[in-house]
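Keep in mind that this is a model prediction, so the values were computed, not measured. Numbered from 1 within each chain, the chains take letters A, B, ... in sequence-line order.
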Amino acid sequence: MITLTFPDGAKRQYPAGTTGRAVVEGIAKSLAKRTVAMALDGKLTDLDEAIAHDAQIEFISRDDPRALELIRHDCAHVLAEAVQTLFPGTQVTIGPVIENGFYYDFARNEPFTPEDFPAIEAKMREIIARDKPFTKEVWSREKARQVFREKGEHFKVELVDAIPEGEDVKIYFQGDWFDLCRGPHMTSTGKIGNAFKLMKVAGAYWRGDARNPMLTRIYGTAWASEADLDRYLKQLEEAEKRDHRRLGREMDLFHFQEEGPGVVFWHPKGWTLFQELVSYMRRRIRGDYQEVNAPQILDKSLWETSGHWDWYRENMFAAQSAGDEAEDKRWFALKPMNCPGHVQIFKHGLKSYRDLPLRLAEFGIVHRYEPSGAMHGLLRVRGFTQDDAHIFCTEEQLADECLKINDLILSTYADFGFDEIVVKLSTRPEKRVGTDAMWDHAEDVMMHVLKEIEARSGGRIKTAINPGEGAFYGPKFEYVLRDAIGRDWQCGTTQVDFNLPERFGAFYIDHDGAKKTPVMVHRAICGSMERFAGILIEHYAGHFPLWLAPLQVMVCTITSDADDYAREVAAKAGRAGLRVEADLRNEKITYKVREHSLAKVPVLLVLGKREAAERTVNMRRLGSQEQRSLPLTEALELLRREAVPPDLRKTIDPSNHGEPERHLTLDGHHVVASTVA
RNA sequence: GCCGGUUUAGCUCAGCUGGUAGAGCAACCGCCUUGUAAGCGGUAGGUCGGGGGUUCGAAUCCCUCAACCGGCACCA
């Protein structure tokens, strides 16, 4: 006999080997009907599974959040059956659940297109309506191999071979159709429901390896209810509206063109935003770091020394004199990183232990030949500006430096309203330089720091390990932030490097007069300023906080009688440090309001005869219909205060709390609450 | 780089089975002096992504290159 413990704490005895279905049917017909699977000691399991040991048991109904992954997984199976029914000869491979849905990879000579979706979806609905039970069989490896080989399912044969010895080879049937699968599944296909949709087709390498053949992947989404599906589709539309490429065009921030794939043409407004970000970062590092500037192109020998030429040559740009008769035909590489340049600066002149830690920062422009398919607006470009720095320090100083960087990164993110951060430690990759002893040591230090980061945050910062994801020269921390609509972006990074200083022969003179090699830490907060700008555009949906808005104030006249006053208002706003323009065009005020609202100008000052006579302004804020009439001087003072960047608020004017509405404090830093679209 | 798709006016898009291009908005010119998300009328604007081919004839069919989009792979 075994003892099962139910969610309400009740315990009951059953013969060993009883199935979940038998248990639930013994409790209540209605419960059995609702149940699609069970959880044994918290683990999702087929309802028909025989229960061998004492366990906590819970019956999972279809609307249980845990059932969602089953719905999606089952849906993937149904997709595969539908595809094989409609397109005989198609081989199935794998079909896992992913965030918001699932996919299934197929092998077929003719790829699928979205035009195939209606037919496939119809077939899927048919299979779901048939409501065949999912039933599991455990096969021997030989049988599985043989059956799939005979069916011409060569990828499945490979999958069978990949199952570790000692693990069952499980086959799930849904009627006549079956698939090799780890499970679990719901009780029948009918439980999937109708809240699913095929989303897109894409190529994907077999087993995620570019050396393998390419399969056709069909992505789908599936939800417990139509309402959930609709909500998800709405969300996608919302995300599309915030696409920085679209907003970049609509707000006239930047553009790309054919002659410069992956390099940005920043327009005046976009460049204002960009420079505002750079200025912010400059202020944040002032005092601690020294800013430098290293050359854009350097002899390739330097990159050979650093190791980049060996490791990343395929992804580097090289330049040479263009003249056929030039006497110097050496190859120069456009810098893909700033570190070798900074090591040269460190090496110039003798350094003492008293100089350490030495922190060299650079807003360096780097170029990397990214694969053509990788480019994506500002988020992945071939030329970008890093808010980069290299810290030369002793081993004893290393942990403190990492923690100091951590403070800078977290407080910076907080200033932009990012407060959900995950710090990941990436450990040694297969392809690397340096001894194992060195890696052991470096990872040791980093692990210790990671724990300290977590402890200091009071549990607010989550941490994780990314095995094998480190840089070739050392382990690294990656800072992942979550934006206003829940998407994660890896931005900041701290990388410990025991290699480069040694490769370049950098040293300092220690207490005892001996030469010692410093440890180098690479660090970036925004990472790529271009990318960070893109993330901010999407995060704020173009509705920037006043200090970042490229154009902060638009003065709009209602009639030409207010023109002189409008010029005066704009001039005064400009003198108050605000970025302002005046719209004196002969247009209706509704027209102007619409146009500047679409351009996402945060503040409209509307001026008519009345305002000119009374020396007031009528203020309208982006995203609100509210009109607020106030004296000119008062309005300008209000806006001037609000436009103070978050880092300066505390230092310059402690009494200034900026926007009265929606601000919160995190670790003592001002946070601009997420702006809604 | 790989798979699939797309590329027509500044922007968003139409153009069926091949018969030398069309709308809305924007721009420009007038009229309207206007009170918080589109006043009215007119004018101009395109080597249909580049190159090659098939054809009496190509935006339309084929080849090729490029850029972009969605994924995959990559991301020092």
Side-chain angles (χ1 to χ4, degrees), chain A residues 103 105 110-115 199-219 243 245-246 249-250 252 255-262 303 306-316 335-340 366 368-377 379-382 386 429 431-433 469-474 476 490 493 495 497 500 522 527-528 531 556-563 585-599 604-611 618-629:
Chain A
Y103 66 76
D105 285 348
E110 189 85 355
F112 299 102
T113 77
E115 276 95 80
M199 303 298 284
K200 51 195 172 194
V201 285
Y205 297 109
W206 166 235
R207 296 189 148 176
D209 191 324
R211 290 165 300 192
N212 288 341
M214 183 150 281
L215 309 170
T216 303
R217 175 172 298 178
I218 297 181
Y219 283 93
D243 190 309
R245 292 165 299 187
R246 173 178 172 154
R249 189 176 52 242
E250 288 174 0
D252 194 18
H255 86 268
F256 291 91
Q257 65 188 48
E258 264 192 59
E259 293 82 352
W303 306 103
S306 73
H308 290 98
W309 195 258
D310 281 348
W311 253 264
Y312 288 106
R313 189 178 168 176
E314 302 304 310
N315 301 300
M316 286 170 69
K335 65 177 177 184
M337 291 199 83
N338 299 303
C339 32
V366 296
R368 300 176 179 180
Y369 184 82
E370 301 287 359
S372 58
M375 258 109 65
H376 184 93
L379 304 182
R380 189 81 180 268
V381 288
R382 284 185 175 159
Q386 289 182 318
K431 206 175 156 190
R432 60 178 183 262
V433 296
E469 299 286 312
F472 71 85
Y473 48 71
K476 61 183 178 184
Q490 197 242 299
T493 177
Q495 311 182 356
D497 187 344
L500 212 56
H522 311 240
S528 149
R531 180 163 175 272
C556 301
T557 51
I558 294 171
T559 76
S560 51
D561 294 335
D563 283 2
R585 290 175 305 172
N586 178 16
E587 293 289 354
K588 305 277 181 286
I589 190 61
T590 50
Y591 182 90
K592 294 186 185 182
V593 166
R594 174 179 156 83
E595 188 163 284
H596 302 307
S597 297
L598 287 174
L604 300 186
L605 296 181
V606 177
L607 310 179
K609 271 188 197 158
R610 195 156 61 226
E611 285 74 17
N618 196 285
M619 185 157 74
R620 177 181 168 129
R621 301 296 304 246
L622 181 61
S624 162
Q625 257 112 266
E626 199 187 322
Q627 297 172 36
R628 189 171 164 203
S629 177

- Item | Residue whose nearest RNA chain B nucleotide is more 5′ - A/P261 or A/G623 | A/G623

- Query: So which heavy atom on A/P261 is nearest to which on A/R382, and how close?
  - Reply: O-CD, 3.8 Å

- Note on the structure: Rounded to whole Å, CZ of A/R432 lies from P of B/A76 at a distance of 16 Å

- Message: For a stem of at least 3 consecutive Watson-Crick or G-U pairs with distances under 3.5 Å, i pairing with j, i+1 with j-1 and so on, which stems involve RNA chain B?
- Response: B:1-7 with B:66-72, B:10-13 with B:22-25, B:27-31 with B:39-43, B:49-53 with B:61-65

- Looking across every strand, which nucleic acid part, if any, lies under 4.0 Å from A/H596 by heavy atom: base, sugar-phosphate, or nothing? nothing

- Is A/G208 touching bases, backbone alone, or none of the nucleic acid, heavy atoms closer than 4.0 Å? sugar-phosphate

- Query: Under 4.5 Å between any side-chain heavy atoms of A/V201 and A/T113, yes or no?
  - Reply: no

- How is A/F112 classified with respect to the nucleic acid when contacts are heavy atoms under 4.0 Å: base, sugar-phosphate, or nothing? nothing

- Query: If you take all heavy atoms of A/K609 and A/T559, which pair is closest and at what distance?
  - Reply: CG-OG1, 4.4 Å

- Rounded to the nearest Å, what distance is computed from the CE atom of residue A/M214 to the P atom of nucleotide B/C2? 9 Å

- Message: For a quick test of reading the model: is some side-chain N or O of A/R245 closer than 4.0 Å to OP1 or OP2 of B/G70?
- Response: yes

- Message: Under 4.0 Å between a side-chain nitrogen and a carboxylate oxygen: does that hold for A/R207 and A/D209?
- Response: no

- Looking only at side-chain N and O atoms, does A/S306 come under 4.0 Å of OP1 or OP2 in B/A76? no

- Give the rounded distance in Å between these two atoms: CZ of A/R621 and C1' of B/A37. 17 Å

- Query: What nucleic acid atoms does A/P111 come within less than 4.0 Å of, heavy atoms only: base, sugar-phosphate, or nothing?
  - Reply: sugar-phosphate

- Would you classify A/A204 as touching base, sugar-phosphate or nothing, given that sugar-phosphate means primed atoms plus P, OP1 and OP2, and contacts are heavy atoms under 4.0 Å? sugar-phosphate

- Query: Is A/R217 side chain donor-acceptor paired with the B/C72 base, going by distance under 3.5 Å alone?
  - Reply: no

- Query: Is there a donor and acceptor pair, one atom on the side chain of A/E115 and one on the base of B/G5, closer than 3.5 Å?
  - Reply: no

- Message: Could you work out, with side-chain contact (heavy atoms from CB on, under 4.5 Å) as the rule, every residue matching A/R610, not counting sequence neighbours?
- Response: A/E614

- Per the atom types in the model, does the base of B/A73 pair as donor or acceptor with the side chain of A/R211 at under 3.5 Å? no

- Task: Determine: side-chain N/O of A/K200 to OP1/OP2 of B/G71, distance under 4.0 Å, yes or no.
- Result: yes

- Would one find a side-chain N or O of A/T113 under 4.0 angstrom from OP1 or OP2 of B/G4? no

- Using a 4.0 Å heavy-atom cut-off across all strands, classify A/Q495 as base, sugar-phosphate, or nothing. sugar-phosphate

- Query: Expressed in angstrom and rounded to an integer, what is the separation of A/E587 atom CD from B/A26 atom P?
  - Reply: 9 Å

- Message: For a quick check of understanding: with a heavy-atom distance under 4.0 Å over all strands, which category does A/I589 fall into, base, sugar-phosphate or nothing?
- Response: sugar-phosphate

- Item | Value in whole Å for how far the P atom of B/C3 lies from CD1 of A/I218 | 18 Å

- Query: Below 3.5 Å, does any donor atom in the side chain of A/N618 face an acceptor in the base of B/U36, or the other way round?
  - Reply: yes

Look for any protein N or O under 3.5 Å of an N or O in nucleotides 10-15 of chain B and output each such pair with its distance, or none.
unit_1	atom_1	unit_2	atom_2	d
B/U12	OP1	A/R249	NH2	3.2

- Message: Does A/E626, at its CD atom, have more than 12 non-hydrogen atoms belonging to other residues, nucleotides or ligands within less than 6.0 Å?
- Response: no

- Under 4.0 Å between any heavy atoms, over every strand shown, what does A/K335 touch: base, sugar-phosphate, or nothing? Just pick one. nothing

- Message: Let's test your reading of the model: under 3.5 Å, does the base of B/G1 pair with the side chain of A/Y369 as donor and acceptor?
- Response: no

- Are any of A/K592's side-chain N or O atoms less than 4.0 Å away from OP1 or OP2 of B/G35? no

- More 5' along RNA chain B: A/G260 or A/S597, using each one's nearest nucleotide? A/S597

- Task: Measure across A/E314 and A/Y369 and return the closest heavy-atom pair with its distance rounded to 0.1 Å.
- Result: O-CD2, 3.9 Å

- Query: For the side chain of A/T590 and the base of B/U36, is some donor closer than 3.5 Å to an acceptor across the two?
  - Reply: no

- Query: Hey, does A/E110 reach any base, or is it just sugar-phosphate, or nothing, if we go heavy atoms under 4.0 Å?
  - Reply: nothing

- When all nucleic acid strands are considered with a 4.0 Å heavy-atom cut-off, which category describes A/N315: base, sugar-phosphate, or nothing? base

- Query: Atom CH2 of A/W303 and atom P of B/A76: how far apart are they, to the nearest Å?
  - Reply: 15 Å

- For A/M337 and A/H522, work out which heavy atoms get closest and say how close. CE-ND1, 4.2 Å

- According to a strict under-4.0 Å criterion, is A/Y591 in side-chain N/O contact with OP1 or OP2 of B/G35? no

